[in-house]
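Here is the structure we will look at, set down as structure tokens.
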Amino acid sequence: MFHGWIGSWLYLADEEFDELCFEFGLELDEITSEKEIISKEQGNEKAEGASDVVLYKIDVPANRYDLLCLEGLVRGLQVFKERIKAPVYKRVTPNGEIQKLIITEETARIRPYAVAAVLRNIKFTKDRYDSFIELQEKLHQNICRKRALVAIGTHDLDTLSGPFTYTAKRPSDIKFKPLNKTKEYTACELMNIYKTDNHLKHYLHIIENKPLFPVIYDSNGVVLSMPPIINGNHSKITVNTRNVFIECTGTDFTKAKIVLDVIVTMFSEYCENPFMVEAAEVVFPNGKSYIFPELAYRKEIVRADLINKKVGIRETPENIAKLLTRMHLKSEVIGDGNQIEIEIPPTRADVIHACDIVEDAAIAYGYNNIQMALPKTYTIANQFPLNKLTELLRYDMAAAGFTEALTFALCSQEDIADKLGLDISATKAVHISNPKTAEFQVARTTLLPGLLKTIAANRKMPLPLKLFEISDIVVKDSSRDVGARNYRHLCAVYYNKNPGFEIIHGLLDRIMQLLNVPPGEKKGGYVIKASEGAAFFPGRCAEILARGQSIGKLGVLHPDVITKFELTMPCSSLEINIEPFL
Amino acid sequence: MIIEAELRSTKRWELTAEGEEIAREGSHEARVFRSIPPEGLAQSELMRLPSGKVGFSKAMSNKWIRVDKSAADGPRVFRVVDSVEDEVQRRLQLVQGGQAEKLGEKERSELRKRKLLTEVTLKTYWVSKGSAFSTSISKQETELSPEMISSGSWRDRPFKPYNFLAHGVLPDSGHLHPLLKVRTQFRQIFLEMGFTEMPTDNFIESSFWNFDALFQPQQHPARDQHDTFFLRDPAEALQLPMDYVHRVKRTHSQGGYGSQGYKYNWKLEEARKNLLRTHTTSASARALYRLAQKKPFTPAKYFSIDRVFRNETLDATHLAEFHQIEGVVADHGLTLGHLMGVLREFFTKLGITQLRFKPAYNPYTEPSMEVFSYHQGLRKWVEVGNSGIFRPEMLLPMGLPENVSVIAWGLSLERPTMIKYGINNIRELVGHKVNLQMVYDSPLCRLDAEPGPPRTQGTA
């Protein structure tokens, strides 16, 4: 969500802006306003007096952290349209003393990394300040993985006095006045208070139940923050803050550095010396000291013909260098005239391989300007034999008067066990560890429950109901690499005022005829033999033996099974594994 | 035709029972007038007369009578004129005498409104001999019988005509499920284009093949419990191709093959976690790995259509399981232009010709492009698929040669089917709650034919 007329920043009408977004790989979802949103969700009356300021709902590619705020988005599009040149981001050492953050070894087991930087003489306005806060929130949700990997703290440096210490302490030993509270609380108390906070409650699990909580102090013992939960109120930034101290703590060092780079590259625009970022020193427990932000520019050399070949275009190296420069990747032709040297700025952490550079060249060239061609790849097509057999059988099952059902592969334990009179341990079912509802507890081990549920949902249909499904079931199998495997099953049911065993039996005979399996035990034929099964009415169940192995069962369903699936009529069924017939 | 009958209808005016009475006795108002003596009549008494109520108000509005409210024993009615002309009676007598045409349209309709006159339509048939006029009687036959055929009697027998407006009797038959009919067509398209079907009969997959092999980092949101179904039993994959696993680990954590990598601590236990595959790309990864082991490299075109699983919030367009369609081409020197060319051919076979490509982000393809087609009904561009060139960080650890590119695209089977059959809620298409009547009634799937009228709720 972006405030204000982005289109007008770029002097573009809405349609042109929409077109530009598409070309650049953004999705302009909607142009709206706070008023419109409230009126849609809660009605016109509630929207009375809400802001009319135009909002752009734009979907940004998940790896482009540099486009998450208005500042970066406009900058990116301005460079793309060649209205401005990409700024150069610089880390500068202060004239006075450098801000220092010292990490103690206690942090090692909970949140070992920290980076820091200073935005000096920044000038916020209401809009800039809001954007600054919003960017942090977006980064927290996105690359920071809901603060688990990285948490950001921004502070009014003028209220603090360095050097700062990043340490970990027992929660009962941490006491401070947190952001927007009027009194001091211990960390234990805060964890309780925030349990009911709709925003913060989602982050508590990251440190909850840990013996030590991470905390940052200044040299006077003022708490800057208790990452990843909350900042202190003392160093709270406002629209009037002039000097901002930024710290990012986390469990992923790479991502912490990227997050810091993104924040400072985006908002150093508003510093007295635009795009200049004041360095901070971070001392690690091993005594080693690092200067942040990294703001590293990396150089890659890619041959122009490689880019041409990967995209399928024929551009001169000079033109390709121009295309890349428009994508915020300053490039020039070097060496033999076919090499392009590309400078990857600290804002483009997403560029990690030449293929990322190739994509940017293609975007700047315009995907829809690329000449389409058919590959000359000559191949002979083959069907997967199991699917080929399935397709053939499906048609003849329908020709035999049975209608195809399509049921879910996931179901409840009850469906495959209790309702069929089985114990779940006898099913060899695979179990899902994180189902949101009982419908997704296990993968089905039989197709029968799905067909019976289909009948239950269609009881108003004229009888008889004749259904079939040919699909996969899943069981545990320790001979497979993942410890489980699929089997392709064929299941059919007949539901009517009479059980119709002869109809299901006849269907089996027809299936065997189709598969060219003769009746009788000899010559790889098939027979059915009296058997038992929890799901079947006693004396009305037979095992199907074909090609010397048991392939399934058929019979009249047990009244308990019929009742448990909320059915009222007799029903006979057949279920076989078709893999032996490949 | 034995006889012909011609309808001849006529209309005439008739008096109603009340009309007859008035023609005989005079109108209510005239009767009221006549019943008032010169010394007047108490209004209450007048109202008790049979014609009192109607006649009083009509006589008042005709100004034939007046009411004196100041009389000592209550209001009293007096004549105003000496005699009256009873027009109503006269007109009705005219109609009675068969001279209704002498009355104006307005006068007739006034009398009709007073329910004294009605218009009667008299229907008569003029009967004459028909072309097949006969005086002998014979019954019409309903159907041709074997006896008639053998005896030849059908030649002389009349047959009852059929009602061709009646519906036929639908054949007793089984039916294929519409979604799987569409699946058949997609298979057919791939086979026509020379693509070989990949095995996908393994719903359970390790995180390694589902994510790590695709260069999807271990902290990626898709690997969250909120998005993916993980397994409690069997919780971990028993075997992984360890040589390859090490190359994947190195590429993630340190980079290599020209990549910076993601620079994080890659964990084997994370890769071992079993799950329900979230995409069929895991099967594509296995197929490409097998392809990479074959030396020398031979170009390949692969496809698959099968179920995938997401631990998503369910709504009208999302279910926890759906079918994914995937196409893959591996060859030397494939370009983005080739990808677009293949997509154009593929979508043309679906009857979709207006395509546009948008840059996008997928963890395992770069470049990536979303495919949009212009939807005539919605009058906007809608996303119809996702595509890209697999990242070298995915292909090179498998052992594929460096100059081999692999282009790929994917889409769901449900979405085009819902559009094809005009279904708005995915639950009306997939699962045990579908209405079997919908399955019985679903037409052939002809993807490149013009769509028919959208199915309405009523036909379900």
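Below, chain A is the first sequence line, B the second, and so on; all start at residue 1.
For the set A:Val442, A:Leu467, A:Leu26, A:Thr377, the count of heavy-atom pairs under 4.5 angstrom toward chain B peaks at A:Thr377. Listed options A:Ala484, A:Ala429, A:Pro435, A:Ala398 were ranked by heavy-atom pairs under 4.5 angstrom with chain B; first place goes to A:Ala398. Comparing B:Asn311, B:Leu314, B:Leu334 by heavy-atom pairs within less than 4.5 Å of chain A, the highest count is held by B:Asn311. Put simply, of A:Lys436, A:Lys255, A:Glu23, A:Glu469, the one with the most heavy-atom pairs under 4.5 Å next to chain B is A:Lys436. No other option in B:His175, B:Lys433, B:Met340 has as many heavy-atom pairs under 4.5 Å with chain A as B:His175. Interface summary for chain A: among B:Asn274, B:Asn265, B:Ile389, the most heavy-atom pairs under 4.5 angstrom belong to B:Asn274. Here A:Ser433 is the residue among A:Gly450, A:Ala456, A:Gly25, A:Ser433 with the most heavy-atom pairs under 4.5 Å with chain B. Put simply, of A:Thr254, A:Ile370, A:Thr379, the one with the most heavy-atom pairs under 4.5 Å next to chain B is A:Thr379. Taking chain A as the reference chain and counting heavy-atom pairs below 4.5 Å, the highest number among B:Arg187, B:Arg344, B:Arg183, B:Glu236 is found for B:Arg187. Ranked by heavy-atom pairs shorter than 4.5 Å toward chain B, the options A:Lys388, A:Gln371, A:Lys310 are led by A:Lys310.
A salt bridge does not link B:Glu370 with B:Arg356: every distance from a Lys NZ or Arg NE/NH1/NH2 to an Asp or Glu carboxylate oxygen is 4.0 Å or more. The pair B:Lys301-B:Asp331 fails the salt-bridge criterion, with no side-chain N (NZ, NE, NH1 or NH2) lying under 4.0 Å from an Asp/Glu carboxylate O.
Contacts between A:Ala62 and chain B at a heavy-atom distance below 4.5 Å involve backbone atoms as well as side-chain atoms. In this structure, the portion of B:Val439 lying under 4.5 Å from any heavy atom of chain A is its side chain and not its backbone. In this structure, no portion of B:Leu343 lies under 4.5 Å from any heavy atom of chain A. With a 4.5 angstrom heavy-atom cutoff, A:Ile143 does not touch chain B via any of its atoms. In this structure, no portion of A:Arg485 lies under 4.5 Å from any heavy atom of chain B. Neither the backbone nor the side chain of B:Trp381 comes within contact range of chain A; no heavy atom of the residue lies under 4.5 Å from a heavy atom of that chain. For chain B, the nearby part of A:Leu386 is the side chain; its heavy atoms alone come within less than 4.5 Å. Neither the backbone nor the side chain of A:Ile313 has a heavy atom closer than 4.5 Å to any heavy atom of chain B. With a 4.5 Å cut-off on non-hydrogen atoms, B:Thr228 touches chain A through its backbone but not through its side chain. For A:Ile432, the parts sitting under 4.5 Å from any heavy atom of chain B are the backbone and the side chain alike. With a 4.5 angstrom heavy-atom cutoff, A:Thr437 does not touch chain B via any of its atoms. Interface remark: A:Asn63 contributes backbone and side-chain atoms alike to the contact with chain B (heavy atom separation under 4.5 Å). B:Leu179 touches chain A through its side chain: at least one heavy atom from C-beta onward sits under 4.5 Å away, while N, CA, C and O do not. Contacts between B:Leu275 and chain A at a heavy-atom distance below 4.5 Å are absent for every atom of the residue. Looking at A:Val474, only its side chain comes within 4.5 Å of chain B, counting heavy atoms on both sides. Contacts between A:Phe253 and chain B at a heavy-atom distance below 4.5 Å are absent for every atom of the residue. Only the backbone of A:Lys309 comes within less than 4.5 Å of a heavy atom of chain B; no side-chain atom from C-beta onward does. Heavy atoms of B:Tyr302 lying under 4.5 Å from chain A are absent altogether. Contact of B:Ser206 with chain A is made through backbone and side chain together, with heavy-atom distances under 4.5 Å. Heavy atoms of A:Asp252 lying under 4.5 Å from chain B belong exclusively to its side chain. Neither the backbone nor the side chain of B:Leu240 comes within less than 4.5 Å of any heavy atom in chain A. Looking at B:Glu383, there are no atoms closer than 4.5 Å to chain A (heavy atoms on both sides), in backbone or side chain. Contacts of A:Gln383 with chain B are made by both backbone and side-chain atoms, with heavy-atom separations under 4.5 Å. At a 4.5 Å heavy-atom cutoff, B:Ala235 makes no contact with chain A through either its backbone or its side chain. Using a 4.5 Å cut-off between heavy atoms, B:Glu345 contacts chain A through its side chain alone, with no backbone atom that close.
Under the 4.5 Å side-chain criterion, counting only non-hydrogen atoms from C-beta, A:Leu20 is in contact with A:Phe80. A 4.5 Å side-chain heavy-atom check between B:Leu191 and B:Phe195 finds every atom pair outside the cut-off.
Side chains of A:Asn387 and B:Glu197: a donor on one and an acceptor on the other come within 3.5 Å. In summary, the side chains of B:Glu414 and B:His323 do present a donor paired with an acceptor at a separation below 3.5 Å, with no hydrogens or angles considered. No side-chain N or O of B:Ser253 forms a donor-acceptor pair with one of B:Lys263 less than 3.5 Å apart. A donor-acceptor contact under 3.5 angstrom links the side chains of A:Arg488 and A:Thr390, judged on distance only. B:Asn403 and B:His332 form a side-chain donor-acceptor contact under 3.5 Å, judged by distance and modelled atom types alone. With no hydrogens or angles considered, no side-chain donor-acceptor pair links B:Arg277 and B:Thr200 at under 3.5 Å. With hydrogens and angles left out, the side-chain atoms of A:Asp477 and A:Ser479 include a donor and acceptor closer than 3.5 Å. For the residue pair B:Thr251 and B:Glu393, no side-chain donor N or O sits within less than 3.5 Å of a side-chain acceptor on the partner. At a cut-off of 3.5 Å, with distance as the only test, no side-chain donor of A:Asn486 or B:Asp201 sits close to an acceptor on the other residue.
Between B:Phe215 and B:His252, the angle of the ring planes goes over 60°, which puts this pair in the perpendicular group of the 30/60° scheme. Taking the six-membered ring for Trp and thresholds of 30 and 60 degrees, B:His432 and A:Phe408 have ring planes more than 60 degrees apart, a perpendicular arrangement. Aromatic ring pairs are classed by plane angle as parallel below 30°, tilted from 30° to 60° and perpendicular above 60°; the pair B:Phe372 and A:Phe22 is perpendicular.
For the atom pair A:His489 NE2 and A:Ile578 CD1, the distance stands at 9.5 Å (nearest 0.5 Å).
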TODO: May I have the step-by-step check of side-chain hydrogen bond (donor to acceptor under 3.5 Å, both in side chains) for B:Arg391 and B:Ser259, ending in yes or no?
DONE: CA-CA 10 Å; B:Arg391 293 191 72 99; B:Ser259 176; 5.5 Å; no
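Residues that satisfy the salt bridge (Lys or Arg N to Asp or Glu O under 4.0 Å) test with A:Asp18, not counting sequence neighbours, are absent from this structure.
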